[in-house]
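All figures in this text were calculated on a predicted structure; none of them were measured in a lab.
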Amino acid sequence: MVNALVNGRPVTLAVVIGAHGVTGEVRLKVFAEDLKAFKAFNGGALTLGSLRDGPNGAIARFAEVADRNGAEALRGTELTVPRSALPPLGEGEYYHVDLIGLPAVSSEGTALGQVRAVENFGAGDVIEIERPDGKTFMVPMRPDAVPEWDDARLVVAEGFVEQ
C-alpha cells in the first residue's frame with residue numbers, strides 16, 4: 001500500500017455554498033480538517049481573511065470580496081490548493097483526489113472499471129466504481145474490501161465485487 005499518491009490535480013478543500021450577510025462573507029461546505037492552515041486558494045485568486053464556524057459549515061471572508069454581490073458570484077466555487085501543499089500521509093491514509101480516476105481491478109486481476117467518487121455517509125468512506133458499461137457499484141474503503149491501492153490501481157477483494 002502506498003502512503004502518498006502524487007498527481008498534478010488540485011485538491012478541493014471547500015466549496016462556496018452562498019453569501020452570508022451583506023458585507024461579502026460566504027458560507028462554505030468544508031471538506032478539510034483544518035481550513036485555517038491555508039491562506040490562499042485557487043492559485044492565489046482568493047486570500048482567506050477570516051474563518052469561523054457557521055450553521056452548515058463555516059463562514060469565511062476573502063480579501064478580494066467586498067460585498068454581497070461579490071459573495072454571491074462565488075457560489076459554487078471550489079476552494080483548491082495544490083496537492084503539494086497538503087501534509088504528508090501516514091500509513092493507510094489517502095486523499096480522495098488520489099483515488100478518483102484510478103482503474104479498479106479485482107483481487108483476481110479482472111478489470112472492474114474506474115473509481116468515480118469517494119463518499120462518506122457517516123460510517124466511513126465508500127468508493128464508487130463505474131464499470132465500462134456505465135453501471136456503478138460501491139465498495140467500503142476498508143482493508144477487507146480494498147486490500148491495496150497505489151498510484152496505478154485500486155484492488156477490490158473478490159467478495160466485494162458486484163456483478
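Proximity of a side-chain donor or acceptor of Glu93 to a complementary backbone N or O of Gly90 within less than 3.5 Å is detected. A donor-acceptor pair under 3.5 Å is absent between the side-chain atoms of Thr12 and the main chain of Ala14, judged by distance alone. Panel note: side chain Asp150, backbone Arg153; a donor-acceptor pair is recorded below 3.5 Å. Here the side chain of Ser107 pairs a donor or acceptor atom with the backbone of Glu158 at under 3.5 angstrom. Gln114 contributes no side-chain N or O that, together with a main-chain N or O of Leu102, makes up a donor-acceptor pair within less than 3.5 Å. With Glu64 contributing its side chain and Thr47 its backbone, the two residues share a donor-acceptor pair below 3.5 Å. Within the 3.5 Å criterion, the main-chain N or O of Glu78 finds a donor-acceptor partner in the side chain of Asn42.
Residues Ile100 and Val118 form a side-chain contact, since some pair of their non-hydrogen atoms from C-beta on lies under 4.5 Å apart. Annotation: side chain of Leu28 is not in contact with side chain of Val15 (no heavy-atom distance under 4.5 Å). By the 4.5 Å heavy-atom criterion applied to side chains, Asp67 and Val22 are not counted as neighbours. No side-chain heavy atom of Val146 sits less than 4.5 Å from a side-chain heavy atom of Phe160. No side-chain heavy atom of Thr80 sits less than 4.5 Å from a side-chain heavy atom of Phe41. A heavy-atom distance below 4.5 Å is not found between the side chains of Val139 and Val161. Contact annotation: the side chain of Leu86 approaches that of Phe38 to within less than 4.5 Å [non-hydrogen atoms, C-beta and beyond]. Counting only heavy atoms from C-beta outward, the side chains of Asn120 and Met141 never approach each other to under 4.5 Å.
When the side chains of ILVMFWY residues are joined at heavy-atom separations under 4.5 Å, either directly or via intervening members, Ile17 and Val26 end up in two distinct hydrophobic clusters. Leu89 and Leu13 fall within the same hydrophobic cluster, where Ile, Leu, Val, Met, Phe, Trp and Tyr residues are linked whenever their side-chain heavy atoms come under 4.5 Å apart, directly or through other members. One hydrophobic cluster holds both Val30 and Val11 under the rule that ILVMFWY side chains link at heavy-atom gaps under 4.5 Å. Trp149 and Val156 fall within a single hydrophobic cluster, where Ile, Leu, Val, Met, Phe, Trp and Tyr side chains are chained together by heavy-atom contacts under 4.5 Å. Hydrophobic clustering of Ile, Leu, Val, Met, Phe, Trp and Tyr side chains at less than 4.5 Å, counting indirect connections, unites Val81 with Val97.
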Criterion side chain to side chain donor-acceptor pair (under 3.5 Å) on Glu130 and Thr136, from CA distance to verdict: CA-CA 4 Å; Glu130 183 177 3; Thr136 63; over 6 Å; no
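Between Asp125 and Arg142 there is no salt bridge, since no side-chain nitrogen of the basic residue lies less than 4.0 Å from a carboxylate oxygen of the acidic one. Looking at Arg68 and Glu25, no side-chain N of the basic residue comes within less than 4.0 Å of a carboxylate O on the acidic one, giving no salt bridge. Salt bridge status for Lys36 with Asp34: absent, with no side-chain N to carboxylate O gap under 4.0 Å.
Atom CG of Leu74 is separated from atom CG of Asn69 by 11.5 Å, given to the nearest 0.5 angstrom. Between Ile59 atom CD1 and His20 atom NE2 the span is 4.5 Å, to the nearest 0.5 Å. Taken from OH in Tyr95 to CZ in Arg83, the straight-line distance is 6.0 Å, to the nearest 0.5 Å. Going from atom CD1 of Ile129 over to atom CZ of Phe137 covers 4.0 Å, rounded to the nearest 0.5 Å. A distance of 4.0 Å separates CZ of Arg61 from OG1 of Thr23, quoted to the nearest 0.5 Å. Between Leu154 atom CG and Asp98 atom CG the span is 11.5 Å, to the nearest 0.5 Å.
Residues Ala19 and Ala71 approach most closely at CB-CB, 3.8 Å, considering heavy atoms. In this structure, Leu51 and Leu35 approach most closely via the heavy-atom pair CD2-CB, 3.8 Å. In plain terms, the two heavy atoms of Pro140 and Ala145 that are nearest each other are O-CB, 3.2 Å. Summarising the geometry of Pro132 relative to Gly113, their closest heavy-atom pair is CD-CA, 4.2 Å, with the distance given to 0.1 Å.
The aromatic rings of His96 and Tyr94 lie parallel to each other, their planes meeting at an angle below 30°, with 60° marking the opposite boundary.
Surrounding CG of Asp133 are more than 12 heavy atoms belonging to other residues, nucleotides or ligands, all under 6.0 Å away.
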